[in-house]
Amino acid sequence: MSFDTVITVDDVSKRFEIYEHPRDQLKQFLLPRMQRLMGRAPHQYFKEFWALRNVSLTIGRGESFGIVGLNGSGKSTLLQMIAGTLTPTLGKITTEGRVAALLELGSGFNPEFSGRENVYMNGALLGFSREQVAERMESIQSFADIGDHFDRPLLTYSSGMQMRVAFAVATAFDPDILIIDEALAVGDAYFQQKCFHRMERFKERGGTLLFVSHDANTVKHLCDRAVLISHGKVVTTGAPKSVIDLYHGLIARKNDQSGGEVQVLQSEQLALPQDSGFTWDAEAKWTKATTTTSNKQAELVDVKLLDETGAEVTHIESESELTVQYVVRLLKDFERPAFGLIIRDRVGRSIFETSTYAMRLEERPIASGSLVKVRFQLEFNLRVGHYSFSVGVANKGFARSEFEERTLLMHDVEQIEVLESSDAAFYGGIFNMRPKVVVQVVE
C-alpha cells in the first residue's frame, strides 16, 4: 500500500529543562548572558531530559498509523509536536492539511466555559467563522450526547463527558489528520463504539489517523502500520502484528521478577537499531514463530495440531474438535507452573487466550529437566479463515493473567486453516455461539 506523504518527522529530538528551584530558572535567563559578556564559559542551571532522540517517520495520506510504547517512552511528546503544541529542540516536522488532535483531557478547552462555548472557541482557532461553527453545532451536541450539561461549565464535567465533547469537536470540522492519544480509554463502551465507527468513516474518506493506545487489538484493527518507541527512540516500524509482539516483549521484560535476563527474538529481520535491546534469531528452531520472549528457563520441544482422531492436521472444518499439543522442557524448578495458549487471527488479534492458571487447575511443582506435554482440547467453532497459535509458560500467578516469572511466550508457532462446515448455519462475526431460537406467534 502506497501513500502520499502528509507527515514528515525528520531527525527530531526534544529536550526539557528540569530546574531544581524556581530561582534557577531566573538564573538561567540572566547569568549565562552576563558570563559570556565577561568572557567566561556560561554555566547551566538546569538538568537536561531528552524525551525524544533522533526520531524520523513518514506517514502517508489515508494511512492509519499506530504509536505504541511503555509509559514515559515519548509517545505523547511526539504527538504534541506533530499537533504543533510543542516545538522540537532539534530536527523538523512538516504536516499537510488541517490537523485535529485529541490529546490530554481538557487540553485546548477552557474549564470556565460551557461545552457550547468551547466548541465556538475551538472552531475559531481552526479558522471557522461563528456561522460555520453554528452549522455544525447540532451534530456536535448530538454526538457528544451529554444532555443539558452541554450548556454548563466544563469544570462540572466528568472525565468521560469531557472526552465526549472533545472527540465530537475534533472530528466535526473535517480534519485531514486526526491525532488521538489514549483519550478513548475513559469513555464508556457505548461511546467508544460510536468513536470507532466515526474513525472508520474518517479512514474511508481518506483521512490520516495517528493513534496511541495500550490496547493491542485496537491498534491491529485500526492501523496499517505502527511504530514502537522506547526511551525516546524508535525501536522499529512495520506491520502492527510484528510491532505489537515486540511491545509485549518489552512489557514481559519489565514485569518479569525471575532475576534473569528476558530476551526478545524476532524471526523477521526487522530494521532494529543496535541499542534497541532486541535481536534477530537467524537460527531459531521454530521457524514459524514470529516472536519469542524468554528468560531461558523453559524451551519448546514440539508442537502438533490434532483432529478428533488424533491425526496431525494443517486444516480443519469449523465446528470440529481440535487439540493443540505442545511439549516444553523446564530448565529450572517451577513452584507453581502455568501453561498457556493464545489463538490469533491473520493480523494477530487475539481471538481466545487462557492458561492452566486462568482455568483454576491445580498447580503442582515440577522439577528442573522435566519434559511436560500440554494438551488443550477445543471445540473449534471459528469461522472460515487462517489462525495461528501462540504458546506460553509462566510461574507464580497472582492475577488472572499476571505472573511473577514470564518464562516463555512464542507467537505463531503453528497455523491452521479453517474450512466451512456444511452443517453449520451462516453467521457473522468470528465465533459460532450455537444459538437456539424460538419464534412464536402469540396472537
Side-chain angles (χ1 to χ4, degrees), residues 1-10 12 52 55-68 75-88 91-105 107-109 118-140 142-144 163-184 192 194-213 218-219 221-227 229 234 237 240:
M1 189 179 295
S2 61
F3 303 92
D4 297 329
T5 300
V6 294
I7 300 174
T8 302
V9 180
D10 186 12
V12 164
L52 290 173
V55 173
S56 294
L57 297 169
T58 56
I59 301 167
R61 189 183 314 280
E63 187 174 13
S64 298
F65 193 85
I67 303 176
V68 296
K75 307 185 299 297
S76 296
T77 300
L78 176 60
L79 290 189
Q80 289 178 61
M81 289 193 293
I82 294 174
T85 58
L86 281 180
T87 303
K92 183 180 180 182
I93 294 178
T94 57
T95 60
E96 294 184 13
R98 183 182 295 116
V99 179
L102 187 58
L103 302 174
E104 297 177 1
L105 282 176
S107 61
F109 280 14
N118 272 291
V119 172
Y120 278 117
M121 181 181 70
N122 274 263
L125 291 173
L126 291 170
F128 290 90
S129 68
R130 189 173 181 84
E131 291 74 21
Q132 289 173 313
V133 176
E135 291 174 1
R136 292 168 166 81
M137 187 64 72
E138 184 177 346
S139 65
I140 293 172
S142 174
F143 190 87
M163 192 274 288
R164 283 171 173 258
V165 175
F167 188 90
V169 172
T171 56
F173 295 100
D174 303 320
D176 300 296
I177 299 169
L178 179 60
I179 300 174
I180 299 178
D181 183 7
E182 200 61 57
L184 299 183
Q192 285 184 5
K194 285 178 66 175
C195 292
F196 287 127
H197 287 162
R198 177 161 285 195
M199 284 190 287
E200 290 286 0
R201 290 196 296 272
F202 171 77
K203 289 171 55 181
E204 291 169 1
R205 294 196 302 268
T208 301
L209 175 66
L210 268 69
F211 187 73
V212 169
S213 177
T218 301
V219 173
H221 174 71
L222 281 177
C223 299
D224 305 303
R225 285 193 301 144
V227 61
I229 297 178
V234 171
T237 305

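Values below: every heavy atom of this structure, side chains too, minus hydrogens, waters and symmetry copies. When a residue number appears, it is its place in the shown sequence, counting from 1.
Atom CG of Asn122 sits about 7.5 Å away from atom CZ of Phe173, to the nearest 0.5 Å. Atom CG in Leu210 sits 8.5 Å away from atom CG in Leu57 (nearest 0.5 Å). Between the OG1 atom in Thr237 and the CZ atom in Phe65 there is a gap of 5.0 Å [rounded to 0.5 Å]. Rounding to the nearest 0.5 Å places OG1 of Thr85 at 8.5 Å from CD1 of Ile179. Rounded to the nearest 0.5 Å, atoms OG1 (Thr8) and NZ (Lys92) are 9.0 Å apart.
For Asp10, the salt bridge (charged side-chain N to carboxylate O under 4.0 Å, His left out) criterion is met by no residue, not counting sequence neighbours. Scanning for side chain to side chain contact (heavy atoms under 4.5 Å, CB included) contacts around Thr77 gives Lys14, Phe16, Ala51, Leu52, Met81, Leu86, with sequence neighbours left out. Under the rule for a salt bridge (charged side-chain N to carboxylate O under 4.0 Å, His left out), the partners of Glu96 that lie at least two apart in sequence or sit in another chain are Arg61. Legend: residues meeting side chain to side chain contact (heavy atoms under 4.5 Å, CB included) with Ala170, ordered by chain and number and at least two apart, are Ala100, Leu178. The side chain to side chain contact (heavy atoms under 4.5 Å, CB included) search around Ser129 returns Glu131, Gln132, not counting sequence neighbours.
Considering Thr95, Val99, Ile59 as possible partners of Thr208, the one that fulfils the side chain to side chain contact (heavy atoms under 4.5 Å, CB included) test is Ile59.
Between the side chain of Arg164 and the backbone N or O of Ala144 there is at least one donor-acceptor pair closer than 3.5 Å. Here the side chain of Ser213 pairs no donor or acceptor atom with the backbone of Val219 at under 3.5 angstrom.
In this structure, the side chains of Ile93 and Pro88 come closer than 4.5 Å at one or more pairs of heavy atoms. Between Lys75 and Asp181, every side-chain heavy-atom pair lies at or beyond the 4.5 Å cut-off. Looking at heavy atoms from C-beta onward, Ile82 lies in side-chain contact with Val9 at the 4.5 angstrom threshold.
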Please set out all donor-acceptor pairs under 3.5 angstrom arising from side-chain atoms of residues 197-205, sequence neighbours excluded.
residue	atom	partner	partner atom	Å
Arg198	NH1	Thr171	OG1	3.0
Glu200	OE2	His221	NE2	3.0
Lys203	NZ	Leu222	O	2.7

